[in-house]
Structure formats: C-alpha cells, structure tokens
2 protein chains.
Amino acid sequence: MAGGSTGAGRSVTSRALRVLDAFDVDHARLTLSEIAGRSDTPLTTAHRLIGELTAWGALSRRPDGRYEIGRKLWDLGLLAPVQAELRQVASPFLLDVHTATRDTVHLAVRDGATALYVDRVSGRESVPVVSQVGSRLPLHAVGVGKVLLAAAPDDVVEQVLRSLTRETRHTVVEPARLARELAEVRRTGAARTSEEMSLGAASVAVPVTVVRGAGGRAVVAAALGIVVPTHRAERDLPRLVPVLEVAARGIGRELARTDEFR
Amino acid sequence: MAGGSTGAGRSVTSRALRVLDAFDVDHARLTLSEIAGRSDTPLTTAHRLIGELTAWGALSRRPDGRYEIGRKLWDLGLLAPVQAELRQVASPFLLDVHTATRDTVHLAVRDGATALYVDRVSGRESVPVVSQVGSRLPLHAVGVGKVLLAAAPDDVVEQVLRSLTRETRHTVVEPARLARELAEVRRTGAARTSEEMSLGAASVAVPVTVVRGAGGRAVVAAALGIVVPTHRAERDLPRLVPVLEVAARGIGRELARTDEFR
DNA sequence: TCTCGTGCTCCCACTCAGCGGAAGGACCAC
DNA sequence: GTGGTCCTTCCGCTGAGTGGGAGCACGAGA
C-alpha cells in the first residue's frame, strides 16, 4: 500500500467498521467529508467504503446528500441478545409499572463501568431525564447504576470508586461515602438518588435477580428504576419501592424460565 | 486469488457484510461453521472476518462458542432514522392508547411492499400477534398495512394486488375486493381486519398524517393500529377508532413541528 | 483406552482487491 | 467571474486478503 500514514487499523474490514464508528448519538447524520475526517480515513477510501456500506444497507443516503444509519443495521441491532431476551420479557412489567405510576420507568444492565439503558417508558410529567434507550450513564450517579454497582465484581467497584465524576453538585464523589451507600443498597435491596445526575430528578431502583437451576446462585441480571420530579420524591419514592420489587421479581422469575437466558 | 469458486461478492467488505447477513430472526445464534455455510464463505475466511467483527463489537461470542449480534451494532441500529424521529415522537401516544385500552398497539411504516413495525406496546390479553418490533408483514393482511397501502403510490398498489399471499383462510386474496377495501379505507380513514393474518385476532388502524408547511400536501407517514381478540372485535373495534384518531393526530402534529422530519 | 467425527484455529505463499493521490465536476457565495 | 467546498471518477502499484491444508480440542461410541 502507498504511504501508510493512516496509523491505526490496517485491514479493510477494520476501516469499514471505523467508518461506522463515525456515527454516534450526536452525529447521526454526516456528510462524506465529515465521515472521512471523523474516522481518519482518506476521503477517497471513505467514499468507496461508504459506497459499499450503502449498497448493502448499513448506511443510507438522504436527499440532502448526508448519510445516516440504514434500516438493515437497525434490523440486525434488534437481534442483539441483551435486549432480545431481557427486553421482551421485561416489557410488559415496565408497562405495568408505568400504568400504575405514570412515571418514567427504566431498565438497565451493567456494561463495563457504565449503566446501559436497554428499555424505557417515558412518564407524563416533564422530568429532566437524560437517559434514552441505548445511552450509557455513570454507575455512581443514577439509581439503576448504584444497584448494578452494588452487585458488581470487586474490581469493577474499585475501578469506579477510583474515578467518580461530578455530574451535578449533588453527585456523590467521595469513594468512602459511595462505598457506604453500596453497602446500604445490598442490605435494603434498593438504591435512591436525588439530583445526582440531573437537577430536578430523583430516583429509586431495585435489582432484577435471576436464580438459575435448583438452589443455584442468585445473579443480578438488570436493574429496574423509576424517576420522579424532586418535589414528589419524599412522598412518592418510598411507596414506589414495593411496586418496583413486584415487577422485578416477575421479570426475574420469567427470565429464569427462559432457558435461552445465558 | 486462488480458485474463485465463491460466486457473488468479491470485495472484502461485501464478504464481511455477507457474514452479518447470516443472522436473522430465526438464526440469532450461530456457530462458525453455520455462518460460513449460510454466507457461502470458505470456513477459514469466515473465521478471519468474524474475528475482526468480534474485535470491533459487531458480533460477540457466547460462552458456548456461538456468535451473536454484539452491542455495538445494537447501539448503531438505534441511530437509524425511521425509528429515531418517529418512535420518539410517537412513543408517549402509544402509551396513552395502551393505558386507555390495555390492548396491543402498533406503529408501522411502509417499507417497499411490506409493513415495517417500528414500535409496539403489548397488551394484557393473549392475542396471537405475529408482529414484533422490526418485523415485516404483508400489507394486504394487516390493519396498519391496509392503511399504508391505501396511501401508497399506484405502482406499489398494483404490485401488491398482483401477488396477494394467503396467510389464513380469511385473508383477502381477490385483487378486486382488496381494491374496494382500499377505496373504503381512503373514504372512512380507517381499516379493519379480522383473522386475515392470524386466527383469533382482529384489528383496526388509522393513518398518521403529516402536513408539511402552510397549506402543504398531507402525507401519510405511518399507521397506528390496535389488535384485539376476535371475540371482542364487534363490540370494541368501532369505539377504538376515535381513540386511535386522537393519538394519530397528536403524532402527526408533533411530527410536523419537528423540522428534522424529512 | 483407542478410534472416529465434528468443529475450530493457525499457517503461509500467491495474487488480485484495495489503496489513495490527482484531476475533474457540481454547486454555492461573494 | 473567481474562489471555495464538497463529491466523484480514474488508474497503476503493492501488500492485505485469501483459502487449502495441517493440526488441535473435545466428545461419542466401540
């Protein structure tokens, strides 16, 4: 190959994939040059790769000339496991909680050191909620995150404790204090937050526990949480815990039944 | 290259993509050899490509050695346009309809000659519903499909009329009769089906109409439908139409406001 | 324990697919 | 008209991709 100035990935496939990497939540629509720039690919090469990706349906071209993720990738994405299994099982329960409370309900799993939101039912009241399906938020700043962190392996906990980012002025950034909170979560089986990720929002969350086989170990497979505006937190959060627990148990039981589940 | 027996796609990228094509709803988990077989790729080549796809996160390997679609593709898929815009706007309205009726609510768009289900809220009662988010069903056999077909360009209508598949014994397969039904849909603004896709299920659907600009043409952007068990059809379907219409109008108005929309 | 079968991984020399600079075109703004 | 941005096409060089084959890991049956 000529030159070789393009540092990182040498294989064709990795380049094609790097092109896809140019897309994210804040960059869902890109021009050819933007893609080339963001993926650090020579313009011509990007052009050719994009041509192939578009022909296949991974990307599609809008009337205005920009590219966006195509339907084929959407189709494929829906086959991904976390969500296929878990979401399908959990969906009716999320709806139940939503119908009973009319608040924003979340289902999240731990993905490394972040909470990955796999499903969400949005509430009536306008609570400043940052999370969307597919978004990742820091474990220490959200309700579902604390639940997931409390159940995570020690090395993950340590890693998170070592790098607590401040999201708002209420975020818990002292390792010792968070460690105490986690112990409390393990004891009570529920986590609370108040304006730690976004001002004006408070939350509770509980673990979704799955017991595999007879007398098997209980594994925290996900976390179920609910978000309410701060002014209703004191009154509502305590009475919401039992609602979440019922739903979480339902989901856990259903998951245990699905032999497809890991 | 040696041989050249592999007929179709010659480029590396197209091969990598063909590997991904091996996955679909009925084949969400595949072994290396299965992928190689289904994508008509030599085992060794498939192995290498899969290795790269896995390293990037397009695929992931399960403990049992099988491969499945990875989280990265799920992330990317969520950026696809159909759903990003439309779903986000429509979601609260679907929930409203669901809360009011507790039935299965669907949102679909036309994708070529099929109805593509972009969102769905499942109901309480066990209705035999085939559709899932991401699935495609024939336009002539489902409620949302008839609505979308009634608004489709003539060439699409003709194409569909020419190839009416029989899904159940109640499916409308006579072109003339379907044409009459479509005229009726255009006149009344709603479509009904009864056991035409799956026995035991009936449905109504209405169009989601968007008016672009002042005095612009009205465009059918999607269809909103509801499914109930047959035994409740006579009683419930008529009174559900107004509910759907309210929601559909709300979605349409919201879409018109979003300047991002096409 | 020794087959045999199945499915996966590693190796390596040949060669063709990918590469990307350069040039040309389309479109817009000033 | 002139300068600018962005996209598309062209083409000769070369190293990345290819895939048969060998070898390994595991499990079932004798």
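Throughout, protein chains are lettered first and strands after them, A, B, ... in sequence-line order, and every chain is numbered starting at 1.
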Per-pair distances, 0.1 Å, donor-acceptor, side chain in residues 144-159 of chain B, under 3.5 Å, sequence neighbours excluded:
residue: B:K146; atom: NZ; partner: B:E181; partner atom: OE1; Å: 2.6
residue: B:K146; atom: NZ; partner: B:R192; partner atom: O; Å: 3.3
residue: B:K146; atom: NZ; partner: B:E196; partner atom: OE1; Å: 2.8
residue: B:K146; atom: NZ; partner: B:E196; partner atom: OE2; Å: 3.4

Q: Rounded to the nearest angstrom, tell me the gap between atom CZ in B:R29 and atom P in C:dG7.
A: 19 Å
(Q) B:E167: which residues meet the side-chain hydrogen bond (donor to acceptor under 3.5 Å, both in side chains) condition with it, sequence neighbours left out? (A) B:T165
Q.
Between P on D:dG17 and CD on A:E52, what's the gap in Å once rounded to a whole number?
A. 13 Å
**Q.** side-chain hydrogen bond (donor to acceptor under 3.5 Å, both in side chains) contacts touching residues 128-139 of chain A (sequence neighbours left out)
**A.** A:H106-A:S131, A:D111-A:R136, A:R136-B:D75
Q | Distance in Å, B:L20 CG paired with A:W56 CH2, rounded so as to fall on 0.5 Å steps | A | 5.0 Å
(Q) Checking B:E52 against A:S14: is there a side-chain donor and acceptor pair closer than 3.5 Å? (A) no
Are any protein N/O atoms closer than 3.5 Å to N/O atoms in nucleotides 3-7 of chain D? If there are, list each pair with its distance.
residue: D:dC7; atom: OP1; partner: A:L32; partner atom: N; Å: 3.3
residue: D:dC7; atom: OP2; partner: A:S33; partner atom: N; Å: 2.9
residue: D:dC7; atom: OP2; partner: A:S33; partner atom: OG; Å: 2.1

Q. side-chain hydrogen bond (donor to acceptor under 3.5 Å, both in side chains) with A:D24: which residues, sequence neighbours excluded?
A. A:H27, A:R38
Q. Would you call A:K72 and B:D21 a salt bridge, using N to O less than 4.0 angstrom?
A. yes
(Q) Can you see if the side chain of B:R48 gets near the phosphate of D:dT18 - specifically, an N or O under 4.0 Å from OP1 or OP2? (A) yes
Q: Using atom CG of B:L17 as one end and atom P of D:dG17 as the other, report the distance to the nearest whole Å.
A: 14 Å
Q: Report the distance from atom CZ of B:R62 to atom C1' of C:dG7, rounded to the nearest whole Å.
A: 17 Å
**Q.** Separation of atom CG in A:L49 from atom C1' in D:dT8, rounded to whole Å
**A.** 15 Å
Q: Ignoring backbone atoms, test whether A:R15 places a side-chain nitrogen or oxygen under 4.0 Å from the OP1 or OP2 oxygen of C:dG20.
A: yes
Q: Determine whether the side chains of A:S39 and A:T41 contain a donor N or O and an acceptor N or O closer than 3.5 Å.
A: yes
I'd like a table of atom pairs between the protein and nucleotides 21-23 of chain D - only N or O on both sides, under 3.5 Å - with the distance next to each one.
none

